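In what follows, every chain begins at residue 1, and chains take the letters A, B, ... in the order their sequences are listed. Just so we're clear, the structure is a prediction, and the values are computed from it rather than from any experiment.
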Protein chains: 2
Amino acid sequence: MPGDDGVRRSTVTINDVARAARVSPSTVSNLLNGRDERMRARTRRRVLKAMDELGYQPSRVARQLRTGVSHVIGLVVPSVANPFWGGLARVIEAEALGHGYQVLLCNSERRPDRERSYVEVLWADGVRTVVLGTSLPSLSHLVPVIERGLCLVAFDRESQPDDPPVVNVSVDNRLGARLVSSHLVSLGHRRIGFVSGPIATVSRRQRLAGYRDALAEARLPLDDKLVWAEGEPDGFGDVEGAELGREGMAALLSLPDPPTAVVAINDIYAIGAISAAQEQELSVPKDLSVAGFDDIALARLYNPPLTTVRQPLEDMARFVMDVVRKAHDTAPAAPSSIAVAPQLVVRASTGAPPRQRRQRAAPKRSA
Amino acid sequence: MPGDDGVRRSTVTINDVARAARVSPSTVSNLLNGRDERMRARTRRRVLKAMDELGYQPSRVARQLRTGVSHVIGLVVPSVANPFWGGLARVIEAEALGHGYQVLLCNSERRPDRERSYVEVLWADGVRTVVLGTSLPSLSHLVPVIERGLCLVAFDRESQPDDPPVVNVSVDNRLGARLVSSHLVSLGHRRIGFVSGPIATVSRRQRLAGYRDALAEARLPLDDKLVWAEGEPDGFGDVEGAELGREGMAALLSLPDPPTAVVAINDIYAIGAISAAQEQELSVPKDLSVAGFDDIALARLYNPPLTTVRQPLEDMARFVMDVVRKAHDTAPAAPSSIAVAPQLVVRASTGAPPRQRRQRAAPKRSA
DNA sequence: CTATTTTAGTGTATCGTTACAGCATAATCC
DNA sequence: GGATTATGCTGTAACGATACACTAAAATAG
């Protein structure tokens, strides 16, 4: 007799049900798969009863091996410790659950190698759909898996010229940045700064473009000294964002002619920027306006509550899951780009510019 | 010929490798499973080469079906949109990854029925280990699955008398609360409030007890009017926490003899509490001290930076994964409770009490 | 009353991997 | 030199579920 081994067997299988209902496993399977018109009502009842009595749960593993279809989708984000991605993870998970999917979570820490190895592991795991929260300008490191047939939905990233066939879902970053920037213009600001980490991602590029759009539209001069975009391209985590925001703001405030308002690349940076301003005894928004981007849960909780650009995450999650489901039902979705409209949220961190121009930032002195 | 069907076949299997290396699938399997001492070096090289050339990745699904062991663990938390749980999810995932595990993420939204149905789905999925971030006092809704053999590690919850056999990993909540409270005492505070949502969870109970310990130790009277613990037991989400914190603080401040310091049940509540104080033109910490609990990433970013109790998440995640791995290697881990030492983090939201007692809270007036 | 269709199921091979028994061949022993 | 042991690999039957081809029996047709 050929091998058998010490696998603990405690689960009830389709065969147990079949035996209990005195039918063949095929019949049980037929019932399970909605082919129950081909079955007498009595039989169906018998099987149902057996399933119930034995507490039968079909093994998804076996199912997946046989059918090749998986009900788990991968979600790769930079880090769920970051409230923006945490928020996304929650809404994606909720949407997925509603459609019978499970979510396998991966934190890439924004490293392309981890993105790639994760996606490979997911593939080996039978996962055929991955939602990738990334902003990397290139998706080339993922080409091999995509060619093998992986359905990739890129989030927070607008499509790029040389992209492999993927679906992109993101907010219209350029429009969003234009909205906040114009808001500041309409409050009367004429010198508006921009604080960002390195512009190493598509979305950041777009936001910067939107900021410039707004200034151009208002016929304000574009002063490159007002755009602070420094820091390490790689190591930008979560708290680091605030650190960079603080640095950037400090740099802009030490300019001979500092800005009266600042657009931050996102809410975390905005928070850092505000604390830098406050260290110099500047009051936000009285002496200086600061706006963020994303509208994380914290934005309205902060002190002062942040003016920001809201990403409609729920809607976006719904789009993502639509794509996922279509890809499962029919052919792989055609490569496309969905840009969702952002929404300006005005709170207390922005206001009219101070009447009198501030002195050149000498700490402990204000207007 | 019996049925075959339209499953798309594109993956390279163990058989392809075997054929390419001119050996049997068994040999490839042997190599894969570390039984390669029983194999000539030449053969091993040939197989390795074939695997490499074909880009072979063993199917985890097939493996799991055959061996019954799963390398994915479930992580059920109230909501990753909450920064505390998001932070935990990240460190758990990192630890898991380091040991070859994947993490399936589930947001229970703190509903027992969802906890249960998730755990059932995970079981059907072949997941045999679940880390449950919960604080529900009872685990009785999970007894059936635990009896089937699920290894459950409960996080942020100290063990309770009637618990099913689970391992608990949590911070020593009581000690933590005692630490912050004593810190406030040592700053000179004599009337110290406590702001919490409903004390419906084990950890909250413990924190309240720790607060009382500290007061007793300092021979300060326990005034129940200083303990605010209201709100809906069910619907306490993420932002809601701040809302409750704000409400609670407002209530305490309207007392005839309001506290000079407040311990909040966690950092989110503390943030809400601070904003309530600021609405009444009270400055934190000058007029009023507020401390939190958890030390979420935001705590040091807030304005003012929060004095709080740090949960050493990395250490705790390591403990959790130790348990998980032991449960896989050997017998199921013995039920136990690990309470990790918390750490007081003093920042700027706490200070000495104001010299002169404040007036009975009439808005727009301060000391 | 035989021929055809429908109904209500069953049998079998298969998804990719694994553990063990089995079995040639080569090496070692007395 | 024949028996024994070690070495190196292969064959087989599962793990649990599924889809199709198939088939007895019942229903309908002519």
Answer yes or no: is there an ion pair linking B:Asp315 with B:Arg318, defined by an N-O contact shorter than 4.0 Å? yes
Go through the structure and list residues passing side chain to side chain donor-acceptor pair (under 3.5 Å) with A:Tyr101, not counting sequence neighbours. A:His328
Tell me whether the side-chain N/O atoms of A:Arg60 come closer than 4.0 Å to OP1 or OP2 in D:dA17. no
Rounded to the Å, how far apart are A:Leu65 CG and C:dT17 P? 9 Å
Positions of residues 21-32 of chain A (non-hydrogen atom under 4.0 Å from DNA chain C), listed by number: A:Val23, A:Ser24, A:Ser26, A:Thr27, A:Asn30
How about B:Asp113: does its CG atom have over 12 heavy atoms from other parts shown lying under 6.0 Å from it? yes
If I take atom CE in residue A:Met39 and atom P in nucleotide C:dT6, what distance separates them, rounded to the nearest angstrom? 20 Å
Partner of B:Val166 by side chain to side chain contact (heavy atoms under 4.5 Å, CB included), out of B:Ile146, B:Val323, B:Val153: B:Ile146
Presence of A:Arg40 side-chain N/O under 4.0 Å of C:dT7 phosphate oxygens OP1/OP2: no
So does A:Glu120 pair up with A:Arg148, basic N to acidic O under 4.0 Å? yes
In this structure, how many angstroms lie between the P atom of D:dA17 and the CD atom of A:Gln57, rounded? 10 Å
Can you measure A:Asn15 atom CG to D:dA14 atom C1' for me and round it to whole angstrom units? 12 Å
Taking CZ from A:Arg38 and P from D:dT23, how many angstroms apart are they, rounded to a whole number? 17 Å
Is there, by distance only and without an angle test, a donor paired with an acceptor across the side chain of A:Arg66 and the base of D:dT18 below 3.5 Å? yes
Could you work out how much the helix from C:dC1-D:dG30 to C:dC30-D:dG1 bends, comparing the axis of its first five pairs with that of its last five, to 10°? 50°
Given B:Pro137, B:Ser138, B:Pro144, the one that forms side chain to side chain contact (heavy atoms under 4.5 Å, CB included) with B:Ser140: B:Ser138
Along DNA chain D (nearest heavy atom to each residue), the more 5'-positioned of B:Ala62 and B:Ala41: B:Ala41
A:Thr43 vs C:dG9: side-chain N/O to OP1/OP2 distance below 4.0 Å: yes
Could you state the atom-to-atom distance from CG of A:Asn33 to P of D:dG16 in whole Å? 17 Å
Between P on D:dA14 and CD1 on A:Ile14, what's the gap in Å once rounded to a whole number? 18 Å
Taking atom OH of A:Tyr56 as the centre, does the number of heavy atoms from other residues, nucleotides or ligands within less than 6.0 Å exceed 12? yes
Is it the case that the side chains of A:Glu115 and A:Thr134 hold a donor-acceptor pair, with the cut-off being a distance below 3.5 Å and no angle test? yes
Can you tell me if A:Arg38 has over 12 outside heavy atoms packed within less than 6.0 Å of its CZ? no
Taken to the nearest whole Å, CD/A:Gln64 to C1'/C:dT17 is 14 Å
